[in-house]
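One structure below.
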Amino acid sequence: MKLTAQQIQVLAEKILNQWKKQNLIVFKEDEKKVLARMIEIIKEDYDREAALDRDVNAMLDELEKSNPGEFQRFKMFPILKQKLAKERKVIL
């Protein structure tokens, strides 16, 4: 799933507001710095997943070359993605 910068901003703000309502967070830094860091972490996580997708597609290209005709890419993609995510400790 692809989120825009604005959607990531709104998501981070909603999470932060919920944490504040439930008294789950105590600020040691300025709230704006915390929000900026949250946005940065969310973007990094999406970038890691995009890199994972590129690697899975590269693996599928190699498998398709070695097994022409009988290869079902749409079935293999989620299987390979789950396996690589587990190896790289990426939470999907």
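Below, each value reflects all heavy atoms present in this structure, side chains not excepted, and no hydrogens, waters or symmetry copies.
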(request) Answer with yes or no whether the hydrophobic clustering places Leu11 together with Ile39; edges join I, L, V, M, F, W, Y residues whose side-chain heavy atoms lie under 4.5 Å apart. (result) yes
(message) When you measure from the side chain of Asn17 to the backbone of Glu13, do you find a donor-acceptor pair of N or O atoms at a distance under 3.5 Å?
(response)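 Confirmed, Asn17 side chain pairs with Glu13 backbone.
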(message) Whether the side chain of Gln82 engages the backbone of Ile79 through a donor-acceptor N/O pair (distance < 3.5 Å, no angle test) should be reported.
(response)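 Judged by distance alone, no pair lies under 3.5 Å.
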Are [X] and [Y] close enough that some pair of their side-chain heavy atoms sits under 4.5 Å apart?
X	Y	result
Leu35	Gln9	yes
Arg48	Leu52	no
Met59	Glu62	no
Leu63	Leu80	yes
Phe74	Leu60	no
Lys28	Val34	no
Glu87	Leu84	yes

(message) I'd like to know whether Leu16 forms a side-chain contact (heavy atoms from CB on, under 4.5 Å) with Glu31, so could you lay out the CA-CA distance, the side-chain angles of the two residues, the decisive distance to 0.1 Å, and finally the verdict.
(response) CA-CA 9 Å; Leu16 193 61; Glu31 189 175 328; 4.0 Å; yes
Answer yes when [X] and [Y] have at least one side-chain N-carboxylate O distance shorter than 4.0 Å, and no when they do not.
X	Y	answer
Glu49	Arg88	no
Arg73	Asp61	yes
Lys43	Glu40	no

(request) Mind listing the closest non-hydrogen atom pair of Gln7 and Leu3 along with its distance? (result) OE1-CA, 3.3 Å
(message) So for atom CD1, which belongs to Ile91, do other residues, nucleotides or ligands contribute more than 12 heavy atoms lying within a distance under 6.0 Å?
(response) no
(message) Counting neighbours of NZ on Lys20 that are heavy atoms of other residues, nucleotides or ligands and sit closer than 6.0 Å, is the number greater than 12?
(response) yes
